[in-house]
Amino acid sequence: MSGKIVGVDVGGTFTDLILLGEGGGEDGGQVSIAKVPSTTDNQAFGVMAALEAASEAAGATLSEIESIVHGTTTTTNALLERKISKVGLITTEGFRDVLELGRRTRPQPYGMFGSFEPLIERDLRLEVPERMDADGQVLTALDEAAVVAACEALLARGAETLVIHFLHAYRNPAHELRAREIAQEIWPNPYITLGHAIVSEFREYERGTTAAVNAAVQPILDRYIARLRGELGDRGYGHDLLVMQGNGGTVSSRIVTEEAVKTVMSGPASGVMAAAATARQAGIANAITYDMGGTSSDVALVRDGVPQVSSELELEYGIPIHVPMVDVHTIGAGGGSIARIDEAGLLQVGPESAGALPGPICYGRGGARPTITDANLLLGRLDPEKLLSVDRPVSFDQLRETFERELGEPLGLSADAAAAAVLRVANTKMAGAIRMVSLARGHDPRDFALFAFGGAGPLHAAALARELSIPRVVIPARPGITNAIGCVVADARHDYVRTLNQPLGLVDMDQVTAIFDAQIAEGHATLEREDIAVEKVVTLHSADMQFQGQTHILTIPLPGRRLSRTELEGLFAKAYWERFAVELPEIRPVLVNLNTAVIGHRKTVGVEALSDDTLRGTSLKDSFIGERQVWFEDGWRATPIHAREALPADAAFPGPAIVRQMDTTVVIPPDATLSQDGHGNLILTLNRAGSERTGG
């Protein structure tokens with residue numbers, strides 16, 4: 001790589017940044033990292049602060065940086081907090097309530113209570129006469145005067161963005177395209193979303209909600225990206241800003257707002273991409289990625305070196321988002337997750353978080369409620385002198401009093417026992433999330449390594465591995481900035497979906513090849529439009545299939561764009577057997593969707609330079625810092641503390657121990673052994689994993 005490259009990820013608590021200097025490719029090079037508090041009011045401020053800190057440390061200026069890749073939580077947070085734009089909908093006559101009726105599910109599976117508010121209010125959902133049938137034939141012509149009247153009415157009611165979503169437009173988009181032409185003459189801004197343009201597949205509910213999400217966050221993302229691009233340009237940055245998408249690829253900031261919905265889960269996806277790249281370099285094909293930050297924990301599965309991608313994300317009840325995204329399961333358990341006693345007298349941890357402000361008690365920014373980070377500090381797992389971004393130090397006595405008052409007294413426990421209970425409850429929740437991406441989908445966790453990162457991930461990784469009988473934990477060189485590293489290693493990627501929804505026996509296989517060819521052409525055209533430097537372009541194809549009469553769909557990876565009907569049927573039967581151990585030869589398979597991912601591979605960025613060898617010791621004594629009392633499952637133990645940067649290359653020692661570094665703390669329990677591989681990863685082997693398998 002000839003120039004400097006930056007990866008920056010904005011989390012709920014911290015903004016992480018990595019700057020790789022000249023030679024930052026396969027041969028290594030100068031590395032500068034920054035970790036600053038996120039600025040929730042305007043994430044751009046945190047990004048610029050991190051850039052300034054890293055650039056100053058590296059002696060660089062923004063004009064010397066060749067590329068900046070940004071993972072953002074702007075759209076995700078806007079949706080979760082419902083701080084979204086006011087959206088108007090024009091839809092087929094008789095179908096204004098599809099987005100509210102949904103799929104006959106309930107917000108709460110048990111009980112008589114629960115509520116749901118669709119993203120678009122009912123008085124902003126208007127109908128016009130038009131109708132296509134399921135084959136794309138016109139049943140009712142588009143009433144163009146009604147479209148004009150609907151646009152004017154929506155503007156009068158304060159709508160900022162517009163969704164045009166007609167029935168069966170995925171088969172024939174003519175009415176949606178014509179309605180957009182009419183709306184563009186009236187609508188005062190470019191925020192017009194067509195349902196078929198975002199998701200070209202059947203299921204009007206999912207297609208409509210995905211379009212509604214896109215419209216709801218489009219202006220918010222547009223304004224944020226414009227502010228950030230302006231700040232960067234004013235300070236001398238002269239290249240394009242790339243933005244991470246939820247599918248694990250990047251997109252030019254010049255076109256990212258057109259499909260803003262694809263940036264949902266951008267941050268978590270970048271971490272999975274970094275984990276997959278690091279695991280591949282370490283020779284680990286199968287890994288469960290575990291990213292614990294300040295606000296949440298994200299888990300995902302990597303099989304044969306490739307992160308699993310899904311189009312079945314439901315961000316919250318009633319908001320399914322049907323665009324391809326890295327299959328990440330998120331729970332509200334992060335370092336800032338608040339512990340409390342509920343009305344039933346039970347200890348609960350999360351999902352409410354102290355966030356960046358006021359943050360955990362120990363940060364001294366006004367936080368007054370106990371969190372997971374506070375529990376780790378109270379139990380000796382964190383060094384109070386090395387916490388990042390502490391405004392006013394809080395004494396152990398104050399912290400202990402808070403735990404005893406808020407949790408211990410209601411539970412009949414001491415402060416230390418209450419802190420230990422907080423960790424047990426949090427670990428149980430996080431283990432459940434890992435089961436959701438592994439056991440619940442037919443994968444045995446013992447066949448995988450646990451790849452732990454995030455600022456808090458290595459604190460809890462050993463406990464989770466023990467709970468799930470995972471024999472090996474991998475901790476990368478820079479766990480706390482792994483998501484930022486993911487931005488650096490990510491490729492440009494665009495995904496396309498086309499619905500057929502026909503019994504396989506009736507499918508024209510030449511049409512299948514033609515659809516794949518069209519998707520490939522569209523992907524290449526988009527890459528050219530972005531003008532991102534890529535070394536080569538590859539395509540991945542898959543098919544969504546099901547047996548006739550069933551509702552669940554299996555995604556089948558395909559070896560190429562041209563297949564015979566017999567080959568496709570055989571691939572589906574094999575995948576169905578592997579997933580359900582059932583053969584159904586008497587039922588006809590159905591080809592539902594055809595999918596293509598067009599990936600532009602950017603210049604390879606190696607991660608070897610992330611390990612700083614300048615301070616590396618020659619013996620374990622060189623890394624020894626001291627000793628303190630640390631709580632483990634069997635009680636308090638005198639525990640040696642080591643500096644990770646000073647560990648010898650061949651370091652190997654049993655627990656208990658603590659390994660400390662700038663961006664995280666690694667806990668090695670008494671029943672584990674720590675070693676270091678040739679790539680700078682720490683390998684934690686559990687001695688009582690409960691399995692003879694060799695995960696990974």
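Everything numeric in this text was worked out from a predicted model, so none of it was measured.
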Under-4.0 Å salt bridge between Glu231 and Arg235: yes
Any donor-acceptor N or O pair under 3.5 Å, side chains Thr72, Gln43: yes
Straight-line distance of Thr639 OG1 to Ile668 CD1, nearest 0.5 Å: 9.5 Å
Expected output: side-chain Arg280 to main-chain Gly305 donor-acceptor under 3.5 Å: yes
Side-chain donor/acceptor of Ser337 to backbone N/O of Gly334, under 3.5 Å: yes
Distance-only side-chain donor-acceptor flag, Thr61 / Glu64, under 3.5 Å: yes
Close side-chain approach of Met430 to Met292, heavy-atom, < 4.5 Å: yes
Nearest-0.5 Å distance that lies between atom CD1 in Ile220 and atom CD1 in Ile225: 12.5 Å
Residues, nucleotides or ligands: over 12 heavy atoms within 6.0 Å of Glu56 CD: no
Verdict with reasoning, Val31 to Ile18, per side-chain contact (heavy atoms from CB on, under 4.5 Å): CA-CA 7 Å; Val31 176; Ile18 179 170; 4.1 Å; yes
Heavy-atom closest contact (Gly480 atom, Asp663 atom, distance): N-OD2, 2.8 Å
Close side-chain approach of Leu647 to Leu682, heavy-atom, < 4.5 Å: yes
Side chain proximity check, Ile84 to Leu79, heavy atoms < 4.5 angstrom: yes
Carboxylate-amine/guanidinium proximity below 4.0 Å for Glu467 and Arg424: no
Main-chain N/O of Ser619 paired to Asp622 side chain as donor or acceptor, under 3.5 Å: yes
Sidechain N-carboxylate O distance under 4.0 Å for Arg369, Glu352: yes
Closest heavy-atom pair and its distance - Ala34, Ala50: CB-O, 3.5 Å
Criterion side-chain contact (heavy atoms from CB on, under 4.5 Å) on Thr673 and Leu684, from CA distance to verdict: CA-CA 6 Å; Thr673 301; Leu684 199 158; over 6 Å; no
Point-to-point distance, once rounded to the nearest 0.5 Å, from NZ of Lys4 to CG of Leu20: 11.0 Å
Ile658 side chain near Thr665 side chain, heavy-atom distance below 4.5 Å: yes
Least distance between heavy atoms, Pro360 atom then Thr373 atom: CG-CB, 4.0 Å
Ala54 backbone acceptor or donor facing Ser32 side chain under 3.5 Å: yes
Straight-line distance of Met436 CE to Asp327 CG, nearest 0.5 Å: 10.0 Å
Any donor-acceptor N/O pair, Glu645 side chain to Met662 backbone, under 3.5 Å: no
Contact summary for Ala282 and Asp677, nearest pair of heavy atoms: CB-OD2, 3.8 Å
Check: Ile33 and Leu19 side chains under 4.5 Å, non-hydrogen atoms: no
Side chain to side chain, Phe448 and Ile284, heavy atoms closer than 4.5 Å: no
Short side-chain to backbone donor-acceptor contact, Arg435 and Pro445, under 3.5 Å: no
Row check, Phe453 ring normal vs Arg478 NZ/CZ: under 6.0 Å, within 45°: no
Test item: side-chain donor near acceptor, Glu52 and Ser55, under 3.5 Å: no
side-chain contact (heavy atoms from CB on, under 4.5 Å) between Ser67 and Leu242, worked out: CA-CA 8 Å; Ser67 177; Leu242 303 182; 4.2 Å; yes
Donor-acceptor contact below 3.5 Å, side chain Thr73 vs main chain Thr76: no
Aromatic plane relationship, His70 with Tyr224 - under 30° parallel, 30 to 60° tilted, over 60° perpendicular: tilted
Within 6.0 angstrom of Phe624 CZ, more than 12 heavy atoms from elsewhere: yes
Side-chain donor/acceptor of Tyr237 to backbone N/O of Ile68, under 3.5 Å: yes
Check: Leu232 and Leu51 side chains under 4.5 Å, non-hydrogen atoms: yes
Gap between atom CG of Leu423 and atom CZ of Arg381 - 0.5 Å precision: 5.5 Å
Residue from Thr15, Leu228, Asn42, Asp234 passing side chain to side chain contact (heavy atoms under 4.5 Å, CB included) with Met48: Leu228
Side chains of His460 and Asn376, donor plus acceptor under 3.5 Å: yes
Side-chain (Lys429) to main-chain (Ala333) donor-acceptor, under 3.5 angstrom: no
Val422 to Phe403 - nearest heavy-atom pair and separation: CG2-CE2, 4.3 Å
Validation row: Asp416, Trp636 side chains within 4.5 angstrom (heavy atoms): yes
side-chain contact (heavy atoms from CB on, under 4.5 Å) assessment of Val299 paired with Asp291: CA-CA 6 Å; Val299 296; Asp291 174 12; over 6 Å; no
Flag, side chain of Ser469 to backbone of Ala465, donor-acceptor distance under 3.5 Å: no
Pair Thr75, Thr263: side-chain N/O donor-acceptor within cut-off below 3.5 Å: yes
Output field: ring centroids His642/Phe653 closer than 6.0 Å: yes
Ion pair check, Asp16 and Lys35, cut-off under 4.0 Å: yes
Minimum-distance pair of heavy atoms, taken over all atoms of Pro640 and Glu627: N-CG, 4.2 Å
Gap separating the OG atom of Ser270 from the CD atom of Gln245, nearest 0.5 angstrom: 12.5 Å
